[in-house]
Amino acid sequence: MFRPLHQLVPLTIIFAIAVTAFVVGRMYLVPETFGEYGHYRADAVGEVASQEIAYAGYQVCYDCHDDIYDEKMESNHSGVSCEVCHGPAAAHTEAPDEVTPDIPHGRSDCVLCHGYNPSRPSGFPQILPELHNTGKPCMVCHNPHAPVLDHAPTECSACHRKISSQKMVSHHALLECSQCHTVAEGHRTNPASVRADKPESKDVCGSCHDKGAESSRGIPRVDVETHNARYLCWDCHYPHQPEVVR
Amino acid sequence: MKNNKPQMNRREFIDTVSRKVPTWLAFVSAFGAGELILAKDSDYNPEDHDYAMGIEIHNCIGCGRCADACKNENKVPREHSYFRTWVERYVIPPEGEAIVDSPNGGIDGFPKLKEGTEILRSFFVPKLCNHCAEAPCVQVCPVGATFTSRDGVVLVDESYCVGCRYCIQACPYGARYLHPETHTADKCTFCYHRITKGLLPACVEVCPTGARIFGEKGRRSSPLRRFLRFNDITVLKPGLNTQPKVYYAGADMEVR
Amino acid sequence: MTHTLLAALTSLANPMAPSGYIYPNEFELHWSLLIIVYPYLTGLVAGAFILASLERVFNVKALQPVYRLSLLTALAFMIIAPLPLLAHLGHPERCLEMFLTPHVASAMAMFGFVYAWYLSVVLLLEIWFDYRKDIVNWGNEKKGFMKYVYKALTLGATDISKKSLAFDEKIGRAITIIGIPSAFLLHGYVGFIFGSIKANPWWSSVLIPIVFIFSAIVSGIALMLIIYMVTSMFRWKHIDMKCLNKLAELLLYAMIIDFGLEFLDFIHRLYESEESIHILAEMISSRLFISLIISQILLGSLVPMVALVVARFGKFPSEMKRILYFIAALLVQVGIFSTRWNVVIGGQLFSKSLRGLTVYKVDLFGLEGVFMSILLLLAPLGVLYVLTKVLPPWDDTDPGAAQIQK
């Protein structure tokens, strides 16, 4: 006798068992907080938030290092957080004596920001590390917590880099700047209002280059009186690279 | 923001306390501290926050401290192919294709350009997860292991991710990677563990030039609000309608 | 499998250094050989099933000799298909989450359900209804252990009266009718996983699911052609040329549609010429030249199409036709595998910054290596062998299939 449900009965039973197993299994296996706020495990948020902190934040540093903090806040580095240079210091705030943060001494850290790179925004202070006081640690001259020098640089080349690099390769390489320029004391600390003086007469050049001057034999001589008398020397010779004649 | 100088430093505080407060009271307050912190935590209501980040490209000097700090803070593998944030250098010559690079994410600085490279304009662009409001990674995650939290941060549930990497494929910004140790997807969390405690993300904390501005869009007092108010803002790949929450000021047309 | 090695060699022949700029997280390719194997296998499932349904629903009587074989082939490949996916997961032990908390917005989340639907509701049911009469008979005839296997397989439904069998026939037909859209769903859905990724201009296309469906049909028919010829050879049976011609014909038509669609996709991209066109063009000409132009288009599509036309409509002895069909079908497999390769790998070779290309290095060993892939590609054939032993698809009492005279 044909029973139309004959084949379907066992299939239905199997199907029902599978669906029940799925539904029941789901009840047990889905994490408890899943779906509380959305299609995710709500507990995961707390787990992410419980991650350990490595950078303490500059405010914490103030608690103990208020002197340095205050100094820095007045300087051009006021926006540079302590841990930029000293590295992550949360561990130090927990155990100040056991864990001490880095104190970078060399040049490599400063150069990361201040090394010349044409892609950096113009106006950002940059140096050419291979020319700028090569080999000297930055901290010899600059206090990282107040990096702009409060005393005059001892070398003229610190500011007059272009002139010094030209002079360096010229016949005048061995001349001190003071050979021709008298530098007033105020110029070093206040260069814009107190200017260094420049030679005004041909005698300054003549003291070496005049035919009668008492100087080494190799120096080129002219009769300063008659040599293109209508012009001053530096109208044609650039004193920092004098061999160029216009 | 950095002018919010604390009222009293720790030395002064201890000084004052030791003079004015009986010792026994200090003990009691010390035992109560744990509870205090918990109470503060449970005060945190994610619904009140709406985190986002601004990037001022003209301020970025390409020092790579952000990428470095991120790796320190989040224990991102040091290898050169895992980054939660990185810095790209764009060099646009007068003619021809822009040259872009990001050696080790910018952590070790950028090498000198090839001799004779002509530069029309050049700049650095920090990149990170955009925490999109319409995040493709959240959309495609088959199991709900990556999601947008109630405070608007896209997070990954490390103990639920199956590691299928569909989210990595779906992210238009290359912000995700498969963590080689956990074998799960990983990416920037805006330093969720920091911001929920009132700290700045590590990259923002260490940015020396204020090129990264972190805050909340909905808060009038937020520095981000000011950033959004006074700049011409773009987002990355706006055509994909992912609605990023990392906003760029001064982004060049070549940035993508 | 020759095509795995071929494809592996393809990438080895390519320039080995990334070029241009790629995002730092993009150096590693996230989906590799296993994810190529997966759509290749499901494509064969869908294709084989659609071929079987042609006989059943559309009454293409010439295909009768491969009907049951196609169903078993589909089942064999279906059983293996999820394995490459599972092996590729970072946490295979968490795979059940796809069923427990499927994210409805995710194209991939529906995998479990599409798979379960297709395997249990379509394939297993259709096979069961089709074989029920034989299972009951075998349960009565066989001896020993197998007797009980067959008894169990009847699920207690042992009524094989005429009316009951007519009911089987009716249900089977209904399942096939549901099965055709399901087969389209199965593979179109795999295509959708790729096609819906808007971040990836190589994948993001509405045509991808449709191209996947037709390439699935192509690969399925070609596979049945190969399996039918090989099994007939090993069983010392005559090959039914009417069936073989029909298969070749259908293969040709499917290939024309498939090739047409892919060409449309190509022309459309070229004509729209979006932002991504330069990097994609560079990728095709440098990284994908061998696997796309040579392996997929030339060897995998044009050559077999010509061979099929010549063999089907030319005047050759059937020996010659058979050889041509066989070669064409093998080339089609190479071509379809390359198609999967080009979709999966191609989509990851260029940076989403659209400024550079990365490199895919094929591993030989390990979970994602060549040997694992070969194993996974061969495994369905092993399963098929077992299935044909348990459920022989051949009706050797058929007078049409006479023993070859030795």
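Every chain is numbered from 1 and lettered A, B, ... according to where its sequence line falls, protein lines coming before strand lines.
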Q: Using non-hydrogen atoms and a 4.5 Å limit, figure out which bit of B:E254 sits close to chain C: side chain, backbone, both or neither.
A: both

**Q.** B:D50 with B:K217: basic N within carboxylate O range, under 4.0 Å
**A.** no

Q | Closest-packed option against chain C by number of heavy-atom pairs under 4.5 Å, given B:W86, B:Y177, B:Y173, B:Y82 | A | B:W86

Q: Counting only heavy atoms closer than 4.5 Å, note whether C:I197 contacts chain B via side chain, backbone, both or neither.
A: side chain

**Q.** chain B contact via C:S196 - which portion, at a heavy-atom distance below 4.5 Å
**A.** side chain

Q: Could you tell me which of B:C161, B:A145, B:G105, B:P103 has the largest number of non-hydrogen atom pairs under 4.5 Å with chain C?
A: B:C161

Q.
Counting heavy-atom pairs closer than 4.5 Å to chain C, which one of B:P136, B:G239, B:G163 comes out on top?
A. B:G163

Q | Axial cation check for B:F83 ring with B:K71, 6.0 Å and 45° limits | A | yes

Q.
Ring centres under 6.0 Å, that's the criterion: do C:F99 and C:F113 meet it?
A. yes

(Q) Counting heavy-atom pairs under 4.5 Å with chain B, which one of C:E97, C:H91, C:K352 comes out on top? (A) C:E97

Q | Contact origin within C:I193 toward chain B - heavy atom pairs under 4.5 Å | A | both

**Q.** Structural part of C:E275 lying under 4.5 Å from a heavy atom of chain B
**A.** side chain

Q.
I'd like to know if B:K127 and B:E88 make a salt bridge, using a cut-off of under 4.0 Å between side-chain N and carboxylate O.
A. yes

Q: With a 4.5 Å cut-off on heavy-atom pairs, point out which of C:G20, C:G90, C:S353, C:S204 contacts chain B the most.
A: C:G90

Q. Are C:R340 and C:F212 in a cation-pi contact, defined as NZ or CZ under 6.0 Å from the six-membered ring centre and within 45° of the axis?
A. yes

**Q.** Among the listed options B:S159, B:G144, B:A185, the residue most often paired with chain C at heavy-atom distances under 4.5 Å
**A.** B:S159

Q: Report the residue from C:Y40, C:Y360, C:W31 that forms a ring pair (Phe, Tyr, Trp, His ring centres under 6.0 Å) with C:W341.
A: C:Y360

Q) Is it true that B:D186 and B:R176 make a salt bridge, defined as a side-chain N closer than 4.0 Å to a carboxylate O? A) no

Q: Between chain B and each of C:P24, C:A109, C:A105, C:G356, count heavy-atom pairs under 4.5 Å; write down the option with the most.
A: C:P24

